[in-house]
Amino acid sequence: MRFALCNETFRDTPLADAVRLTADLGYTGWEVAPFMLADHVDKISAEERTQYRKVVEDAGLKIIGLHWLLAGTEGLHLTTRDEETRKRTAEYFKKLTHLCGDLGGHLMVLGSPVQRNRTEGQTTEEALANAAEILRDVVPTLHERNVRIAIEPLGPEEGDFLNTADEGCDLIDVIGDDHIGLHLDVKAMSTESEPVDQIIRRHADRMIHFHANDPNRLGPGMGDVEFQPIMQSLRDVGYDGWVSVEVFDYSPGAEALARESIQNLQAAM
């Protein structure tokens, strides 16, 4: 099983120190939130991309891709009725795809609930159609750079669109391209009525990425969720992608979070 860490965990640590420690703890992947590099993708120069990638790879880590794609941006939205906003959003995703490829990554996790929530009295069907329109426009660029988008369902406390794995698959089916797949997140799946390990087994054919965490916003094994059945289900379905640790409560400190998370995942196996 390949373990990665999301870069915002070390938001207050110089990059070289963060990736060195991450590698020392046993992680082999590094997942990037673009807002940690700049507040707009256009502000990340070719030289900065090359240098960032070099620092990470020199530490022995691989940049696997991006997440929190629209966090910190303005004027972008996935489901809005406004055609110009949808066009801007599609163009931004294309630019992120090039950033991902330049960094050596191969996937982008589409969460960003604030920028995808239904607006203006929309039905779910209308929101789904608008989201599919944007992502279809991005597909050729995904093929060009060999990057896939992983649709991330998020629980109802996060937003009102794509709240379950089944709903994420609805969007994937509407687009109908193998460069659009499913992302599963333990915190989000914990809001569903079905056990997490069963959701994994039922959606194994769509799953292309995985986030390990707990509903308490800490790392895997740092809350009430039992990870042994989860890790067993990933092995049973033959999942060969990355398991990325993504936390939201940084109060224990970056090093403690990173260390305890990977230890708990290893123990659960």
Side-chain angles (χ1 to χ4, degrees), residues 2 4 6-7 28-57 61-73 75-80 83-112 115-116 128-152 162 168-184 205-211 239-242 244:
R2 297 179 295 170
C6 293
N7 71 332
T28 55
W30 187 249
E31 190 169 327
V32 178
F35 72 82
M36 289 287 292
L37 280 63
D39 60 8
H40 193 286
V41 66
D42 286 346
K43 297 181 180 179
I44 310 170
S45 69
E47 181 181 355
E48 289 170 329
R49 298 174 191 210
T50 299
Q51 180 60 23
Y52 189 94
R53 179 175 178 176
K54 183 178 186 303
V55 171
V56 175
E57 292 181 349
L61 300 179
K62 173 176 173 53
I63 296 178
I64 65 176
L66 311 177
H67 68 291
W68 277 19
L69 302 182
L70 300 181
T73 63
L76 303 176
H77 201 278
L78 187 67
T79 64
T80 178
E83 184 177 358
E84 290 304 313
T85 300
R86 295 201 305 273
K87 288 180 179 178
R88 284 196 305 270
T89 304
E91 290 305 311
Y92 199 79
F93 281 138
K94 293 174 188 178
K95 292 179 178 182
L96 286 174
T97 302
H98 287 297
L99 171 64
C100 185
D102 291 346
L103 294 177
H106 66 277
L107 65 87
M108 304 195 301
V109 179
L110 178 50
S112 302
Q115 292 93 349
R116 78 185 197 199
L128 192 74
N130 289 347
E133 172 194 293
I134 288 174
L135 294 176
R136 282 196 200 98
D137 191 16
V138 182
V139 162
T141 308
L142 298 175
H143 282 262
E144 175 190 345
R145 297 306 304 262
N146 192 28
V147 170
R148 293 185 293 176
I149 286 180
I151 304 296
E152 181 178 24
L162 304 181
C169 289
D170 288 341
L171 178 56
I172 294 167
D173 288 341
V174 170
I175 299 166
D177 188 274
D178 63 2
H179 280 59
I180 308 288
L182 181 66
H183 170 88
L184 292 179
D205 60 332
R206 308 294 190 87
M207 180 176 55
I208 62 173
H209 194 46
F210 193 85
H211 274 170
Y239 177 67
D240 60 358
W242 292 89
S244 285

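This is a predicted model, so every value here is computed, not measured.
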message = Is a donor from one side chain sitting under 3.5 angstrom from an acceptor on the other, for Arg86 and Thr89?
response = no
key: Full working for side-chain contact (heavy atoms from CB on, under 4.5 Å) between Ser112 and Leu78   = CA-CA 9 Å; Ser112 302; Leu78 187 67; over 6 Å; no
message = Are the side chains of Asp178 and His143 in contact, using a 4.5 Å heavy-atom criterion?
response = yes
query = Between Trp30 and Ala4, which heavy-atom pair has the shortest distance, and what is it?
reply = N-CB, 4.1 Å
request  = Give the intermediate values and the outcome of side-chain contact (heavy atoms from CB on, under 4.5 Å) for residues Thr73 and Phe35.
outcome  = CA-CA 8 Å; Thr73 63; Phe35 72 82; over 6 Å; no
task = State, to 0.1 Å, how close Met108 and Thr97 come at their nearest heavy-atom pair, and which atoms those are.
result = CE-OG1, 3.2 Å
inquiry  = Within the structure provided, determine whether Met36 and Tyr52 are in side-chain contact (heavy-atom separation under 4.5 Å).
reply    = no
task = Quick one: closest heavy-atom pair of His77 and Thr80, and the distance?
result = ND1-N, 3.3 Å
message = Looking at Val174, is its backbone amide N or carbonyl O close enough to the side chain of Arg136 to form a donor-acceptor pair, meaning the two atoms are under 3.5 Å apart?
response = yes
message = So, applying side chain to side chain contact (heavy atoms under 4.5 Å, CB included) with Leu99, which one of Leu69, Val147, Leu66 is it?
response = Leu66
task = Output the distance between atom SG (Cys169) and atom CZ (Arg206), rounded to the nearest 0.5 Å.
result = 4.5 Å
ask   = Just wondering, do Leu37 and Lys43 contact through their side chains at under 4.5 Å, heavy atoms?
value = no
remark   = The reported gap from CG in Asp177 to CZ in Arg148 (rounded to nearest 0.5 angstrom) is 11.0 Å
inquiry  = Measuring from atom CG of Leu76 to atom CD of Glu91, what distance do you get when rounded to the nearest 0.5 angstrom?
reply    = 11.0 Å
request  = Over all heavy atoms of both residues, which pair between Cys100 and Gly65 is shortest? Give the atoms and the distance, please.
outcome  = SG-CA, 3.9 Å
ask   = Just wondering, do Asp102 and Arg53 contact through their side chains at under 4.5 Å, heavy atoms?
value = no
query = Heavy atoms, side chains only, cut-off 4.5 Å: are Thr50 and Lys54 in contact?
reply = no
Thr28 side chain near Trp242 side chain, heavy-atom distance below 4.5 Å = yes
Closest approach of Asp39 to Tyr92 (non-hydrogen atoms, all atoms of both residues) = O-OH, 4.4 Å
query = What distance do Leu110 atom CG and Ile151 atom CD1 have between them, rounded to the nearest 0.5 Å?
reply = 4.5 Å
ask   = Roughly how far, to the nearest 0.5 Å, is the CD atom of Glu31 from the CG atom of Leu61?
value = 12.5 Å
request  = Fit a plane to each ring of His209 and His183, take the angle between them on a 0 to 90° scale, and name the class: parallel (under 30°), tilted (30 to 60°) or perpendicular (over 60°).
outcome  = tilted
note = Interatomic distance, OH@Tyr239 vs CZ@Arg2, rounded to 0.5 Å, equals 7.5 Å
ask   = Is the closest side-chain heavy-atom distance between Asn7 and Val56 below 4.5 Å?
value = no
message = Which residue in the set Ile208, Ile149, Asn146, Leu107 passes side chain to side chain contact (heavy atoms under 4.5 Å, CB included) when paired with His179?
response = Asn146
ask   = So do Glu152 and His211 actually touch side chain to side chain, heavy atoms under 4.5 Å?
value = yes
query = Which heavy atom of Leu96 sits nearest a heavy atom of Pro34, and at what distance?
reply = CD2-CG, 4.0 Å
